[in-house]
Amino acid sequence: MKNKVVVTGGLGYIGSHTVVALLENGYEPIIIDNLENSSLEVINGIFKITGIKPSLHIIDCKVYIELETVIKNIEGICGIIHFAAYKSVNESIEKSYAYYENNILSLINVIKIADKYAIENIVFSSSCTVYGNPLEQPVTENMPFGEITNPYGKSKMMCEEILKDFYISSAKHKVISLRYFNPIGAHTTGLIGELPNGIPNNLLPYITKVASGKLAKLKVFGNDYNTKDGTCMRDFIHVCDLADAHISALNYANSKENKNYDVFNIGTGIPTSVLELITTFEKVNNIKIDYEFTKRRAGDIESIYAKTDKAAETLSWKSKRNISQSLKDAWNWELKNNKHD
Ligand code: WQD
């Protein structure tokens with residue numbers, strides 16, 4: 001039985017947690033990563049957790065020949081999970097063409113490889129940003145793409161469309177796009193977690209840096225939104241629940257005879273405000289966070305959270321960990337890895 005899974009971006013935040021989940025579920029991950037947004041140390045964390053050091057190829061998915069040189073010599077690949085992409089919403093506004101080149105070209109190379117080497121299953125790392133600023137909540141997969149305010153989200157929407165057309169033209173593959181909501185937290189051992197480059201863009205890694213004294217004060221971008229406490233609402237999901245969703249998606253694709261293309265929301269279905277996340281972090285970790293309200297951040301949407309029925313019914317997947325667990329695990333990771341800036 002084919003059990004090898006190519007994981008592009010496998011040393012990244014979500015990628016590394018998924019590699020651990022693959023190993024724990026009897027798969028053999030083959031990691032591909034260019035180390036642009038990750039560190040070689042991550043493979044040691046994976047080894048400490050699982051006792052296995054998966055094979056690693058340090059190449060760039062944008063360079064087709066590099067990808068083919070690796071893939072053509074590997075037998076028994078049942079699927080590709082494609083994480084490799086740039087993912088900062090606000091950075092994509094300043095570096096738009098780099099985001100389109102990196103995120104779309106790497107996906108096209110993955111598709112070409114899957115087609116040429118008959119790799120049947122593709123699981124793609126998409127994002128709830130494809131919904132834009134949704135008028136109704138919770139968002140469901142059959143909603144049309146929204147008005148997307150940034151190249152990151154647009155690149156994810158374009159990749160979904162490319163995958164759908166590839167499935168239609170080839171009809172030899174099972175293709176799944178997973179729309180992530182807001183991934184947070186870390187593996188409960190504190191041996192792998194989020195490694196933001198420089199000053200974190202995302203909320204929780206910024207909070208943990210303030211809590212550890214590396215950053216002075218958290219800016220809360222806007223408290224004048226039309227929400228219960230004036231701050232934005234998000235669907236924060238534990239990164240290990242997100243990793244488990246990839247296993248469920250792969251198992252589902254592997255078990256199906258007929259080929260198809262499908263999309264799933266991967267969230268908790270529970271809206272949490274920015275302020276609630278801060279106060280819950282303070283409570284569960286018994287730490288005071290210094291913060292101030294400032295003006296809104298360009299490109300932010302007011303509220304988004306997932307309808308999660310489709311993944312529950314079709315993939316038999318639901319999130320299991322609550323927000324308190326995510327916030328404890330995030331702090332545990334920060335404490336155990338305070339050597340990272
Ligand atoms: C969340 C909220 C900010 C930082 C992310 C990922 C994106 C996608 C969707 C997967 C917003 C507020 C933040 C800070 C703040 N995930 N905030 N002060 O923008 O929802 O997007 O999830 O594909 O890749 O980036 O996440 O954590 O940046 O912001 O007040 O210092 O926290 O305004 O309301 P976002 P975020």
Side-chain angles (χ1 to χ4, degrees), residues 9 12-15 17 37 82-93 99 103 124-134 139 146 148-157 159-160 177-185 194 196-211 214-227 229-239 241-243 245-246 264-268 271-281 289-306 323 326-327 330:
Y13 175 39
I14 305 168
H17 287 82
N37 275 326
H82 181 48
F83 291 106
Y86 296 153
K87 66 143 190 140
S88 165
V89 167
N90 41 8
E91 185 190 52
S92 74
I93 294 166
Y99 268 68
N103 293 5
F124 172 64
S125 162
S126 190
S127 166
C128 63
T129 38
V130 302
Y131 291 109
N133 203 349
V139 290
I148 305 169
T149 58
N150 58 84
Y152 163 75
K154 288 177 190 170
S155 75
K156 289 296 182 180
M157 178 269 289
C159 287
E160 284 197 18
S177 289
L178 299 181
R179 290 175 180 167
Y180 306 160
F181 283 71
N182 287 57
I184 59 169
E194 195 163 7
N197 275 339
I199 306 280
N201 282 305
N202 293 133
L203 178 62
L204 189 50
Y206 202 105
I207 289 174
T208 56
K209 298 288 177 221
V210 170
K214 290 206 197 75
L215 291 170
K217 184 185 277 193
L218 170 71
K219 290 186 174 65
V220 177
F221 299 133
N223 65 332
D224 58 348
Y225 286 96
N226 183 20
T227 62
D229 58 24
T231 63
C232 292
M233 307 294 289
R234 290 291 184 274
D235 183 333
F236 295 102
I237 176 170
H238 195 294
V239 65
D241 280 336
L242 189 50
H246 292 78
F264 297 92
N265 284 340
I266 303 299
T268 64
T272 302
S273 78
V274 170
L275 204 48
E276 279 174 327
L277 193 92
I278 296 166
T279 52
T280 309
F281 182 89
I289 295 294
D290 192 7
Y291 64 88
E292 61 177 338
F293 293 115
T294 63
K295 65 183 191 337
R296 296 181 176 191
R297 178 174 69 176
D300 274 340
I301 60 170
E302 178 168 274
S303 168
I304 188 164
Y305 62 97
I323 197 115
S326 301
L327 298 174

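Order of appearance sets the numbers: ligands from 1, and atoms from 1 within every ligand.
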For ligand 1, which part of Arg234 has a heavy atom less than 4.0 Å away: the side chain, the backbone, both, or neither?
side chain
When you measure from atom 4 (C) of ligand 1 to every protein heavy atom, which one gives the shortest distance, and what is it?
Asn201 O, 3.4 Å
Treating Asn150 as the side-chain partner and Tyr152 as the backbone partner, does any N or O pair qualify as donor plus acceptor under 3.5 Å?
yes
Atom 29 (O) of ligand 1: the protein heavy-atom neighbour that sits closest, reported with distance to 0.1 Å
Arg297 NH2, 3.3 Å
Tyr13 side chain vs Pro196 backbone, donor-acceptor pair below 3.5 Å
no
By number and element, which atoms of ligand 1 are closer than 4.0 Å to a non-hydrogen atom of Val220?
30 (O)
Relative to each other, are the rings of His246 and Tyr180 parallel, tilted or perpendicular (30° and 60° limits)?
perpendicular
Looking at Asp224 and Arg296, is there a salt bridge between them, counting it only when a charged N and a carboxylate O are closer than 4.0 Å?
yes
Contacts of Asp241 meeting salt bridge (Lys or Arg N to Asp or Glu O under 4.0 Å) (sequence neighbours excluded), chain-then-number -> Arg321
Would you mind telling me if ligand 1 is within reach of the side chain of Leu204, the backbone, both or neither, using heavy atoms under 4.0 Å?
neither
Is a donor on one side and an acceptor on the other found under 3.5 Å between the side chain of Asn103 and the backbone of Tyr86?
yes
For atom 30 (O) of ligand 1, the closest protein heavy atom turns out to be Phe221 N, 2.9 Å
Do me a favour and list the nearest non-hydrogen protein atom to atom 33 (O) of ligand 1 with residue, atom name and distance?
Asp300 OD2, 2.6 Å
Hey, are Glu160 and Ser126 close enough side-chain-wise for a donor-acceptor pair under 3.5 Å?
yes
Test your reading of the model: is there a side-chain donor-acceptor pair from Glu302 to the backbone of Asn226, 3.5 Å cut-off?
yes
Residue portion contacting ligand 1 (non-hydrogen atoms closer than 4.0 Å) for Asn202
both
Any side-chain heavy atom of Lys156 sitting closer than 4.5 Å to one from Ser125?
yes
Any idea which protein heavy atom is nearest atom 18 (N) of ligand 1, and the distance to it?
Lys219 O, 2.8 Å
Atom 24 (O) of ligand 1 sits nearest the protein heavy atom Lys87 O, 3.3 Å
Is the shortest heavy-atom distance from the side chain of Pro271 to the side chain of Asp235 under 4.5 Å?
no
Pick, from Cys128, Ser88, Ser127, the option with the minimum heavy-atom distance to atom 8 (C) of ligand 1.
Ser127
Starting from atom 2 (C) of ligand 1, which protein heavy atom do you reach first, and at what distance in Å?
Val274 CG2, 3.8 Å
Going by the order shown, which atoms of ligand 1 are within less than 4.0 Å of some heavy atom of Phe181?
10 (C), 16 (N)
I'd like to check which ligand 1 atoms, numbered from 1 as shown, lie under 4.0 Å from a non-hydrogen atom of Tyr152.
10 (C), 23 (O), 24 (O)
Do the side-chain N and O atoms of Asn202 and Lys87 include a donor-acceptor pair separated by under 3.5 angstrom?
yes
If you measure from atom 5 (C) of ligand 1 to every heavy atom of Asn182, Val130, Ile237, which option wins on shortest distance?
Asn182
Please work out whether any backbone atom (N, CA, C, O) or any side-chain heavy atom from C-beta onward of Leu203 is under 4.0 Å from ligand 1, and answer side chain, backbone, both or neither.
both
Quick one: which ligand 1 atoms are inside 4.0 Å of a heavy atom on Cys232?
34 (O)
